[in-house]
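See below for the structure under consideration.
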There are 2 protein chains.
Amino acid sequence: MQLHKRDVVAAATSLLDAYGMADLTMRRLARELAVSPGALYWHFANKQQLLGAVADHLLPGFDDVTGSWHERIAALCHRLRDALLSHTDGAELVSASFAAGQSAAMDHLLTVLGAAAVEAGVGSGNAELAARTVVYYVLGFTADEQSRLQWDAAGADVTQPVWTENPTARFTFGLQLLVDGIAAHSRTRS
Amino acid sequence: MQLHKRDVVAAATSLLDAYGMADLTMRRLARELAVSPGALYWHFANKQQLLGAVADHLLPGFDDVTGSWHERIAALCHRLRDALLSHTDGAELVSASFAAGQSAAMDHLLTVLGAAAVEAGVGSGNAELAARTVVYYVLGFTADEQSRLQWDAAGADVTQPVWTENPTARFTFGLQLLVDGIAAHSRTRS
DNA sequence: ACCTGAACACCGTTCAAGT
DNA sequence: ACCTGAACACCGTTCAAGT
C-alpha cells in the first residue's frame, strides 16, 4: 500500500504525543510505518520540512475569530497556547518550525495578528513586528510552562515556586501587558 | 597538561564562532582539544551543561546599568542583543540554554529586569513574568534577525522584504511596546 | 583525580538499484 | 513513480581500565 504524506504526518504526531520530540526521528518514524528511512525522503525534502508539516497538522485554524482587535488577539493567543499544550513538546516543535520558517499556519497567524495590530492603530510597517512580539511571547511562555508541566508529570516532586501556579491567569496577565503596549502605540505611524 | 573547564569553554566558543551550533559537538570539541570524548564528561555532566557554560561565557554582566527603570530595561536588552549578535548562532545557543535552565547569567538578568519592573510599579508577583516577557522578546527577535543575517552572509542573494531593514530601530520599537505595556500596568498589585 | 579506548545505541541523508 | 538496501559520515554517553 502506498505511503502518503498524510499517513506520515499522522504517524509522526502519534509518535510525538507518545514519546516526545527526542524520539521523533526519521528512522523511528520509518520503522513505525514499516518502510525504509529513505522512503520518507521521497515525500519530504528533509526533517525540518516534515516537522513543519506536523506543526501545521496540530495547529488550529485562526480565521474564525471575531470581536474587537484586542479580543481577537487574546482569543488567537489562547487558541495557540491550547493547541501547543495538547501535544507533548508541542511548544518546542512549533517554535522550531516557526523559527525555521516551515510553518504555513504560523505565518498565517502572523498575518491575522498583524491585521489586528493595524486595526489597533499601529502603523502598517510596525504591525508585523507587533504580531511577532505577541508570537514570541506565546511560544516562550508556553514552552516554559510545558517543560515544567512535563517535568512534574515525569515524577519530579520538587515543590515548584509560587509563580508556576495559575498558569492561565499568568498567561493572561502577560498578554494584557502586550495588548496595553499595542494600545499605547495606537498613534504610531510608519 | 591538565584540561580545565575554562579551556573547554574557550575552545567551544571559538568552534561556535567559526562553524556555528551544528558543528559544536562533544566529539568535535574533544578532537580540537586533543582529548578523548569521554574526557569532557569528567568536567561537565552532559552537553546541555557545557552549552550553558558557553552561554554564560559569551554573555556580558548586567549589574552596572543605571538610570530610570525604563532606561535600565532598554540598556539591558540592547546589551543582551549585542552579545548574541557577536557570536555565530549566539541567540540560538542562549535561547536553548535559557530554556533548559542552564544559564546563570540569564537567571540573573531575569532578577535585574524583575527589579526594574517592580520599580515601574508592577506587583511583585507579576514582575518576574514581565521580566520573562521581555526576555522572550529579545531572544525571539534576535534569533530571527541573526538567522536572516547569517543566511544573507552565506550568499543567499534573495532580496529581503522591507521589514528586515533597520533592525536596531525595529528592535527598539518592539521594546518600547513592552515598556509601554509595563507602564500601563503600574497600578497592578499582586 | 583525571583521562583513554572502546563500545553501545543510535542519528540524518543519499543514491544505485529494483519494481 | 515510489521504495529498498546499504552505505556514508557522523552523534551523545558510559565505563572498565590505566596512570
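Throughout, protein chains are lettered first and strands after them, A, B, ... in sequence-line order, and every chain is numbered starting at 1.
A:K47 places no side-chain N or O within donor-acceptor distance of the main-chain N or O of A:M26, the cut-off being under 3.5 Å. Panel note: side chain A:D7, backbone A:H4; a donor-acceptor pair is recorded below 3.5 Å. For B:E119 (side chain) and B:G114 (main-chain N/O), no donor-acceptor pair under 3.5 Å exists by modelled atom type. A donor-acceptor pair under 3.5 Å links the side-chain atoms of A:R72 to the main chain of A:G67, judged by distance alone.
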Worksheet item: Just by protein heavy atoms under 4.0 Å, how would nucleotides 7-19 of chain C read 5' to 3' in B, S and -?
Response: B---BBBBB----
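Between A:F171 and A:Y137, the angle of the ring planes stays under 30°, which puts this pair in the parallel group of the 30/60° scheme.
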Could you pull out every donor-acceptor pair under 3.5 Å between side chains of residues 88-97 of chain B and any protein atom, sequence neighbours left out?
from, atom 1, to, atom 2, distance (Å)
B:T88, OG1, B:D17, O, 2.8
B:D89, OD1, B:Q150, NE2, 2.8
B:D89, OD2, B:M21, N, 2.8
B:S95, OG, B:A91, O, 3.0
B:S97, OG, B:L93, O, 3.1

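For D:dC3, one of the phosphate oxygens OP1 or OP2 lies less than 4.0 angstrom from a side-chain nitrogen or oxygen of A:H43. At the phosphate of D:dC2, neither OP1 nor OP2 sits under 4.0 Å from any side-chain N or O atom of A:H4. Residue B:W42 has a polar side-chain atom (N or O) positioned under 4.0 Å from OP1 or OP2 of C:dC2.
Each of C:dC2, D:dC3, C:dG5 was ranked by its minimum atom distance to the side chain of A:L3; first place goes to D:dC3.
A salt bridge is defined here as a Lys NZ or Arg NE, NH1 or NH2 lying under 4.0 Å from an Asp or Glu carboxylate O, and A:R148 with A:D144 meets this definition.
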Item to complete: Could you walk me through whether B:E71 and B:S68 pass side chain to side chain donor-acceptor pair (under 3.5 Å), step by step?
Response: CA-CA 5 Å; B:E71 286 168 340; B:S68 63; 3.3 Å; yes
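When rounded to the nearest whole Å, the span between CG of B:L33 and P of C:dC2 equals 16 Å. With rounding to whole Å, A:L40 atom CG is found 10 Å from D:dC3 atom P.
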Discussion item. Let me check I have this right: for DNA chain D, each base becomes ., (, ), [, ] or |, based on Watson-Crick or G-U pairs with both distances under 3.5 Å. What is the full string?
Written reply: ||.|||||...|||||.||
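As rounded to the nearest Å, D:dC10 and C:dA9 have P atoms that lie 23 Å from one another.
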